[in-house]
Amino acid sequence: MRLHRFIAQCGVTSRRKAEDLIREGLVSVNGVTVTEMGVSVDPETDQVEVEGKPVALPDKRSYLFNKPRGIVTTLSDPRGRPTVAGFFPGDVKGLKPVGRLDMQTEGLMIVTNDGELAALLSHPRHGVEKEYVAQVKGVPESKAIERLRKGVWIEGGRTAPASVDLTGTDPKTGTSLLTLIIHEGRKHQVRLMCEAVGHPVVHLKRVRIGPFRLKGLSSGEMRKLSQKEVEALRLAARKG
Ligand code: URA
């Protein structure tokens, strides 16, 4: 791994500022000051010091998180709205949500400080399955369901084939429940899809990401993933 990237991943500073620190002669590798760019280090065996203090990569931690409704998926919000960061454990550095859920969407998210895992899960080529339960207005006819399955035109192009089923209707509220399984993660995708077939979303919940279900996690709760579970997630992403 390149030295400036390593320093940034240790949480010391940004990559650009890490380059400045190197240039200024403030970084040593195995006791030798390094001032040129492009040096690589082995995070396992090389001893890196910044301004005389040893630095190390943070422990990689990944969590399942049940995002409540009304919370924004950012670490800080300029408008002062409650964010997901308010739910994160205070003693784990560098945690970020992978992807996003709309403020009014609730349900399952992955939260991690493992940059590689986040990149793998976010890559459009590796679309891991995401399952949603959408309460929509009206009762979609089979034609509308078929259109959702085949793909509909929304902002940014046609959606990829999806698995869509009508799983309930409530004559009292005039709404229905749809279960949708998609691989993509486009902005407002499920809301736009349902809107495109004339059945706007009233309430949206993500109930599954790859091998993990929301069941058992209460609203606002986080659960740490084991090494084995992280591997299962990686595998699902590669297959997706
Ligand atoms: N689709 C949406 O429309 N919103 C979400 O939050 C997630 C998927």
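First listed ligand is number 1; within each ligand, the first listed atom is number 1.
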Q: Looking at ligand 1, does any of its N/O atoms fall within less than 3.5 Å of an N/O of Arg191?
A: yes
Q: Got a donor-acceptor contact below 3.5 angstrom from the Thr73 side chain to the Leu101 backbone?
A: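 A pair under 3.5 Å: yes.
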Q: Would you mind listing which atoms of ligand 1 come within a distance below 4.0 Å of any non-hydrogen atom of Tyr132?
A: 7 (C), 8 (C)
Q: So if I apply the salt bridge (Lys or Arg N to Asp or Glu O under 4.0 Å) rule between Asp114 and each of Arg61, Lys96, Lys93, Arg234, which one comes out positive?
A: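 That would be Arg234.
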Q: Within the structure, does Asp102 bring an N/O atom to less than 3.5 angstrom of an N/O atom in ligand 1?
A: yes
Q: Which is closest to atom 1 (N) of ligand 1 by heavy-atom distance: Leu101, Val190, Leu180?
A: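 That would be Val190.
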Q: Looking only at distance, does Thr105 have an N or O less than 3.5 Å from an N or O of ligand 1?
A: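 Checking ligand 1 against Thr105, an N or O pair does fall under 3.5 Å apart.
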Q: Are Arg23 and Asp20 ion-paired here, with the side-chain N under 4.0 Å from a carboxylate O?
A: yes
Q: Report yes or no: does Glu129 contribute a side-chain atom to a donor-acceptor pair with the main-chain N or O of Ile181 at less than 3.5 Å?
A: no
Q: Mark up the atoms of ligand 1 that fall under 4.0 Å of a heavy atom belonging to Leu204, in ascending order.
A: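 Close to Leu204: 1 (N), 2 (C), 3 (O), 4 (N), 5 (C).
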Q: Please verify the inter-ring angle class for Phe65 with Phe87; under 30° counts as parallel, over 60° as perpendicular, anything in between as tilted.
A: tilted
